[in-house]
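I have placed the structure first, in the form of structure tokens, so that the comments after it can refer back to it.
No hydrogens, no waters, no symmetry mates; every other heavy atom, side chains included, goes into these values.
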Amino acid sequence: MSYFNTPAIKYEGPKSKNPFAFKYYNPEETVLGKTMKEQCRFAMSYWHTFTYMGNDPFGGATMYRPWDQTEDSMEKAIARVHAAFEFMEKMQIPFFCFHDADIAPRAATLKETNERLDVIVAVIKEEMARTGIRCLWGTTNAFGDDKFVHGAGTSCNATVFAYAAAQIKKAMEITKELGGENYVFWGGREGYETLLNTDTGLELDNLARLLGMAVEYAKEIGFTGQFLIEPKPKEPTKHQYDFDTAAVLAFLRKFGLQDFFKLNIEANHATLAQHTFQHELNMCRINGVLGSVDANQGDPMLGWDTDQFPTNVYDTTLAMYEILLDGGFTKGGLNFDSKVRRGSFEEEDLFLAYIAGMDTFARGLKVAAALIEDKVFEDFKAKRYASYREGIGKDIVEGNVGFTELEAYALEHGVTKNTSGRQEMLEMILNQYIMES
């Protein structure tokens, strides 16, 4: 059964006026020694694409999908699998990402829920074998159910901690069975609303214990995928422990977990933390922890996680610039953690949204590659910091001086004249590359 009337999406080039065609994403085009398909490693988010019904805090569903036209929850889940793989085939998307709760409905008991998951996973494996589409990462939803009202790994209720661990165990097993290349931890409710009732020390210790258990279980079952933590500063909780890259790195280093985890950076989460998308990717890159990316964008006039499809070439250029400087993706990729707007409720809108997002990142990829090949910013930065490659600057970098020696140098030589940072010129050059590359 086919769920979509839309034909397969193909590359037609930037002069095409066909909205159902790629203008910039040409999967087989080579950029810096790899095809666009290899550089971008696009993934479909199962949740926003196939379980989001248009609900928001102020209104109910607006989307009534052809694959949801049954009252039986398991029949609906199976239909969604077939629809999802048809969509990915037509969109030329090579990967998908999932939460356990996306793919199978919850049951009254953990045992029954796990049995339902096994049924759906078998269907997914059949579709993966048929299409060649792969799993980029899996995770568990340990935030949506009412039992997680006070958190999961940071809950004040030890039985909830145990239940969360059981969910993670099963989700890791599923991810391994599906050949997932990563497993993501997003602490949706791992934070607090008020310190008046919160033992932050115990909560952080327990969160570290939970992650340590996951590391040990991965060894036990032979799961070799990369563990990823996804930072987010707020929403749903007032203050979340995984606020941003710096906070996650501090946490990992405090508890000796830094060798086992990298980060999954989401654009909209960066802006909620009052950072740019590039900043968070840069902090990951210079610390060697850039794992994967959730591709979306937020609305600067709204203060919450709007998860819009990315259409800002300026942002995608700077994002791909950091990713390429990091050597490109290995196990990670660009997962569209994005949802169509509530008013975009027709099935064709899913295709149009993904085309827009994929084209925007493809365009950003090519511009970023041109900037790197021409060493536009790297040459400028090399000149700007040239004083650290000779004389007293070289001694500072190599650790050959302390306060006493630096005081003596300053007393004798003073300070040389500063030069302009040329920010406006560099932004002008960036614009030129975006408009002409």
If the plane angle is over 60° it's perpendicular, under 30° parallel, otherwise tilted; pick one for Phe243 and His239. parallel

Could you grab the distance from atom NZ of Lys34 to atom CZ of Arg41, nearest 0.5 Å is fine? 8.5 Å

Is the NZ or CZ atom of Lys176 both under 6.0 Å from the centre of the six-membered ring of Phe223 and within 45° of that ring's axis? no

For the CZ atom on Arg422, are there more than 12 heavy atoms of other groups (residues, nucleotides or ligands in this structure) within a distance under 6.0 Å? no

Just do the ring pair (Phe, Tyr, Trp, His ring centres under 6.0 Å) check on Phe98 and Trp137 with the steps written out, would you? CA-CA 7 Å; Phe98 73 94; Trp137 55 256; 7.9 Å; no

Side-chain donor-acceptor pair present, Asn335, Asp294, cut-off under 3.5 Å: yes

Examine distances only and state if a side-chain atom of Ser344 and a backbone atom of Val340 form a donor-acceptor pair shorter than 3.5 Å. no

From CA spacing to verdict: side-chain hydrogen bond (donor to acceptor under 3.5 Å, both in side chains), Glu190, Thr154: CA-CA 6 Å; Glu190 311 297 22; Thr154 60; 2.5 Å; yes

For Tyr385, look at atom OH and say whether over 12 heavy atoms of other residues, nucleotides or ligands are found less than 6.0 Å away. no

Check against side chain to side chain contact (heavy atoms under 4.5 Å, CB included), Met91 and Ile355: CA-CA 8 Å; Met91 281 299 311; Ile355 291 168; 3.9 Å; yes

Glu12 versus Asn18, side-chain donor and acceptor atoms under 3.5 Å: yes

Tyr354 and Phe336: ring pair (Phe, Tyr, Trp, His ring centres under 6.0 Å), yes or no, with the steps? CA-CA 8 Å; Tyr354 269 88; Phe336 286 103; 5.4 Å; yes

State, without any angle test, whether Gln308 and Thr306 hold a side-chain donor-acceptor pair at a distance under 3.5 Å. yes

How about CG on Asp379, more than 12 heavy atoms from neighbouring residues, nucleotides or ligands closer than 6.0 Å, or not? yes

Criterion side-chain hydrogen bond (donor to acceptor under 3.5 Å, both in side chains) against Trp47, the qualifying member of Asp337, Thr139, Asn141: Asp337

Test side chain to side chain contact (heavy atoms under 4.5 Å, CB included) on His150 and Glu193 and set out the steps. CA-CA 9 Å; His150 299 308; Glu193 302 293 343; over 6 Å; no

Does the pair Glu181/Arg134 count as a salt bridge with the N-to-O cut at 4.0 Å? yes

Run through Tyr25, Phe329, Phe95 and flag the one making a ring-ring contact (aromatic ring centres under 6.0 Å, His included) with Phe42. Tyr25

Counting N and O atoms only, with roles assigned by atom type, does the side chain of Arg65 sit under 3.5 Å from a partner on the main chain of Arg80, one being a donor and the other an acceptor? no

Give the C-alpha distance, both sets of side-chain angles, the deciding distance and a yes or no for ring pair (Phe, Tyr, Trp, His ring centres under 6.0 Å) between Phe227 and Phe261. CA-CA 5 Å; Phe227 279 143; Phe261 292 86; 5.4 Å; yes

Distance check, rounded to the nearest 0.5 Å: Thr51 atom OG1 versus Met63 atom CE? 11.0 Å

Can you list the steps and then say if Tyr52 with Phe50 is a ring pair (Phe, Tyr, Trp, His ring centres under 6.0 Å)? CA-CA 6 Å; Tyr52 173 62; Phe50 282 91; over 10 Å; no

Less than 4.5 Å apart, side chain to side chain, heavy atoms only: is that true for Gln278 and Tyr314? no

Worked verdict on Asp145 versus Tyr163 for side chain to side chain contact (heavy atoms under 4.5 Å, CB included): CA-CA 12 Å; Asp145 193 77; Tyr163 201 99; over 6 Å; no

Pair Asp374, Tyr433 - check side-chain hydrogen bond (donor to acceptor under 3.5 Å, both in side chains), show working. CA-CA 11 Å; Asp374 294 347; Tyr433 269 76; 2.5 Å; yes

For a side chain to side chain contact (heavy atoms under 4.5 Å, CB included) check, start with the C-alpha distance between Met74 and Ile120, then their side-chain angles and the critical distance, and finish with the verdict. CA-CA 8 Å; Met74 285 299 287; Ile120 301 303; 3.8 Å; yes

What about the rings of Tyr321 and Phe377, do their centers lie closer together than 6.0 Å? yes

Going by the angle between their ring planes, with limits at 30° and 60°, are Phe4 and Phe87 parallel, tilted or perpendicular? tilted

Would you find more than 12 non-hydrogen atoms of other residues, nucleotides or ligands less than 6.0 Å from Glu71 atom CD? no

Would you please name every residue forming a salt bridge (Lys or Arg N to Asp or Glu O under 4.0 Å) with Glu235, sequence neighbours left out? Lys232

Do other residues, nucleotides or ligands put more than 12 heavy atoms under 6.0 Å from the NZ atom of Lys394? no

Under 3.5 Å side-chain donor-acceptor pair for Thr35 and Glu38: yes

Using a distance-only test with no angle check, is there a side-chain donor-acceptor pair under 3.5 angstrom linking Asp100 and Thr140? yes

Axial cation check for Tyr24 ring with Lys366, 6.0 Å and 45° limits: no

Is it true that atom NZ of Lys375 has more than 12 heavy atoms of other residues, nucleotides or ligands lying nearer than 6.0 Å? no

Cationic N near anionic O, under 4.0 Å, Glu89 to Arg130: yes

NZ (Lys331) with more than 12 external heavy atoms under 6.0 Å: yes

Tyr192 and Tyr241 aromatic ring geometry - parallel, tilted or perpendicular at 30°/60° bounds: tilted

Quick one: CG on Leu207 to CZ on Phe161, what's the gap to the nearest 0.5 Å? 8.0 Å

For residues 288-307, the ring pair (Phe, Tyr, Trp, His ring centres under 6.0 Å) pairs (sequence neighbours left out) are none

Taking the side chain from Glu280 and the backbone from Thr245, do they hold a donor-acceptor pair closer than 3.5 Å? yes

For atom CZ of Phe345, decide whether the heavy atoms of other residues, nucleotides or ligands shown that lie under 6.0 angstrom number more than 12. no

